[in-house]
Every structure is written in C-alpha cells, then in structure tokens.
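A short worksheet on the structure shown next.
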Amino acid sequence: MSQEWLDALDPQSPFGLEALPFGVVLSEGRGPRLAVRLGEQALDLAAVSATTGSPHANLFDKGTLDPLLASGRAVWHEVREEIAEWLTSRRRAASTRPHLLPLAGRACAMPFSIADYVDFYSSEHHAANLGRLFRPGADPLPAAWKHLPIGYHGRAGTVVVSGTPVVRPSGVRLAGDPAEARVGPSEKLDFEAEVGFVVGVPSELGIPVPIDRFEEHVFGVLLVNDWSARDIQAFESVPLGPFLGKSFLTTISAWVLPLQALEAARLDQPPKEPAGSSHLAGHAGHAGHAGSGYAIELEVRLNGSVLSRPPFETMYWSAAEQLAHMTSNGASLRTGDLFASGTVSGPAHGQYGSLLELSWNGTQPVELEDGSTRRFLLDGDEVAMTATAPAPSGCRLGLGEVTGRVLPARPTRAAPA
Ligand code: MN
C-alpha cells in the first residue's frame, strides 16, 4: 500500500480517504459522471471501472447515485472498499490517476433523484425559540413535541443542488398595522441549517421500519438549506403547517457522505424526558437508541461572515427515530427519499441555525464583518453551510458545502404578451 502519489492531497483536507463522499460532476462532452470527492478533485468512477474492470461497473455508469443507493448495505460497503483500494494501491495508481478531475470551476449535478422529501422539527432549542417568539406566555413546545418527531411533507421537485440561485419568492403575507394581507416579495427570507438523510433501500407498504433497521435503509447524509419565507409561512401555516413559505426551494449539498464514514461520530442523544412514545422503541425496549446521535458540527456563513456553529449532537430526536416514526403508520420508503432533521440550533445564540432566531424575528439585527447588519436576507446575499465530524483517525471529515445566492423577486404577474 502506498499513498505517495496522493501526496498532493492536503493532509488537513476534510475530504481525505476517510470521507469519500459520492456526487455527480459534469464533464465536458461526457455528461454527468458519478464520482467520489478527494480533496479538491473528483474521481470518475465509471472511467476507472471501464479501464480496470469492476464487479460494480453497472452501478457507476449511469451518471447518478440511484443504482448504488438501491443496491443495499453489503454492496455499499464493498464499493467503498473497492474505491479505497483504487486510491491507495500502488499497482492501481496508473489506472486511477488519469481519472481524477479538478473540482475548481466544475459544476455538480443533483447526486440522486429525490423521491419524497420530509422535513422534521427535531431541535428542542429551535422549537422552543419559535414557541417563545410566536406564542409568548404559552408552553414553548407544542403538545405533541416530546411524544413524537413532528414533521411535514415537503416538495421533492424543488430540491436543488448546491449553487443553484435562490429567487426571492413572492406570496401572501401580513403587512401594516392593522394587519392586512398583501401579495408581494417576501421581506423575511431566511435559511435553515439542517442535516439530511438519504434512503437507499425501499420498504414494503404497510410494514413499519423499526428503529434498529435504520442502517439497512439509510445510505448517507448531506447538508440541507431549507430556505424559508417567514412572512409567507407565518400567515399560511395555521393550522396545516408549512406550504408555499418553504416549497419554493430547498438546497442540498452536492456530496453524499456514506453513513459508514460517520462511525466515529456516533454518540448518545440527549436524554428524553418523558420517554418518547412506544412506537419508536427498538429491540432494546426504549426510545432513544444508544449511539444514534452524530457529532456533526455545522457552520453557517453569510457573505463570508460566520453567523453560527450549530451542533447536531444536541438534536432531541435522532434520524433513526424519525425514520421509525415516518413509517410507523405503514407508509413505505422509496430509493431517493430525503428526510431532513429540521433546523439545527444549539442552546447558545452563536449556535442558532436560522436568522429568525439569530435576529429574534428581526428585532435584534446581526452584524456582519463588513459592518452591515441583517434582520433577514437581502438580494445578493450568499449563504454557505459546511460541516465536519470526527473521523476514525482523530482527524475531521467533511460534508460537502451547501451554498446559494439570493436573486431579486420576479414580477408577481406575467407581463402582457
Ligand atoms: Mn426546516
């Protein structure tokens, strides 16, 4: 084994051999290519397997992660081992090296086809902050909140890859005093820093997926920015929940990190009081499965200024509990289902995962490094989220960044022909 030909790889890179996230890069003249990321390069998997042969060639040559997602846990592990061998074995170097493509200036495509999209609301700090903002004097958490992971079905067709521009949405919102419903561009455009989980193996209609089958169905994780128009959302969402205030766009990172890469990041979740409902119990007999949390540290930047560092380990409901709850009524899973954690907010102000919380609904503007302040997002603003987690070696490994720049609203009525 020798890595000498990989010396160009920065040893501090969060995208070293312990990460190896999957994505789809665009290649001139050859269309979308399934790849793994290594530092600031991408290894074209179909090209390597065409040169050297691979038992998994039919999973690599479709320009999407979809066939690999559906192939199941044993194959996920075999493929990861095979790619690591391509990258570390001296005898493989000559056939692998020509297929490393520089990422600089290269666009990425959607890594997989989104089937259904669900967004949860599983940070106690985020949910309590919203309760304090919008229901002052009442219990900050909704009645069901500690009994089950609250969520809603989002719009799969408007989930886009990192870098896609964010056109400011228009909608019906309350404005003025006395309150009046007006149609116009959102004045409270916001981000939500979240971690998303990607389903690989489907489940059967009518059969719930218990908490301890999580790793048989879920392939990996990515970062999610659940863009939110707070003024549209606030008016429309009572009593049925988010609709047009969320569905205009949701951005995911271009790289999907396999769960296998996160083994060293696993930890117990915060204790539950009271215990969650029995439909979330695993074979161990209790909700709150040991080791089902992940020590993922997020970072949110606005025009380069760090706004917050949300800690994923503070989430009250785990992804395994979310998956168990989502299927507990018999609803089935499909390859490509995406479910997101909900806004990740820690207990401290510098750990809040939305501007709604950071500016306390616009009453306490946030200052950026250039001296400007923000209550909500302005046209031209760029939001970038990154995250790292502990790797087995003790180094940090990365989740791919998720970025988006806000563009001005389009006219709300089509121009006359
Ligand atoms: Mn959300």
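Keep in mind that what you see is a predicted model, and the values were worked out from it rather than measured.
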Between the CD atom in Glu194 and the OG1 atom in Thr250, the distance rounded to the nearest 0.5 Å is 8.5 Å
Compute both the distance and the angle, then confirm whether Lys272 meets the cation-pi test with Trp317: under 6.0 Å from the six-membered ring centre, within 45 degrees of the axis.
yes
Cation-pi check for Phe15 against Arg37: NZ or CZ below 6.0 Å from the six-membered ring centre and within 45 degrees of the axis, yes or no?
yes
Is the closest side-chain heavy-atom distance between Leu69 and Val198 below 4.5 Å?
yes
If you measure from the Lys or Arg side-chain nitrogens to the Asp or Glu carboxylate oxygens, is any gap between Arg230 and Glu192 under 4.0 Å? yes
Distance col, row Arg73:CZ vs Glu78:CD, nearest 0.5 angstrom, shows 13.0 Å
Should Glu297 and Arg309 count as an ion pair when the cut-off is N to O under 4.0 Å? no
Residues at least two apart in sequence or cross-chain that pass side-chain contact (heavy atoms from CB on, under 4.5 Å) with Val166, listed by chain then number, are Trp227, Phe248, Leu249
Using side chain to side chain contact (heavy atoms under 4.5 Å, CB included), reason through Val209 and Glu216 one step at a time and then give a plain yes or no. CA-CA 10 Å; Val209 175; Glu216 287 170 43; over 6 Å; no
- Task: Give a yes or no on whether Arg80 atom CZ has more than 12 heavy-atom contacts from other residues, nucleotides or ligands under 6.0 Å away.
- Result: yes
Closest heavy-atom pair, Pro140 versus Ala128, reported as atoms and distance to 0.1 Å, is CB-O, 3.7 Å
Does Tyr152 OH have over 12 foreign heavy atoms under 6.0 Å away?
-> yes
Residue pairs passing the salt bridge (Lys or Arg N to Asp or Glu O under 4.0 Å) test with at least one member in residues 365-376, sequence neighbours excluded, are Arg374-Asp381
Query raised in the report: Are any side-chain N or O atoms of Gln233 and backbone N or O atoms of Lys246, one a donor and one an acceptor, separated by less than 3.5 Å?
Result: no
- prompt: Is Arg90 salt-bridged to Glu85, going by a charged N under 4.0 Å from an acidic O?
  reply: no
Are Arg266 and Glu215 within salt-bridge range, i.e. N to O under 4.0 Å? yes
* Given side chain to side chain donor-acceptor pair (under 3.5 Å), test Gln322 with Ser122 step by step and report yes or no. => CA-CA 9 Å; Gln322 291 169 343; Ser122 290; 2.9 Å; yes
Next on the checklist: Are Val366 and Leu307 packed together at the side-chain level, in the sense that at least one heavy-atom pair is separated by less than 4.5 angstrom?
Outcome noted: yes
Is it the case that atom CD in Gln364 sees more than 12 heavy atoms from other parts of the structure closer than 6.0 Å? yes
Under 4.5 Å between any side-chain heavy atoms of Arg173 and Ser186, yes or no?
no
Taken to the nearest 0.5 Å, the spacing of Ile232 CD1 from Ser237 OG works out to 11.5 Å
With the side chain counted from C-beta on, respond yes when Tyr316 and Glu321 share a heavy-atom pair under 4.5 Å apart, and no when they do not. no
Ionic contact status for Lys146 with Glu124, cut-off 4.0 Å: yes
* Hey, can you tell me if Phe339 and Phe120 have their rings parallel, tilted or perpendicular (30° and 60° cut-offs)? => perpendicular
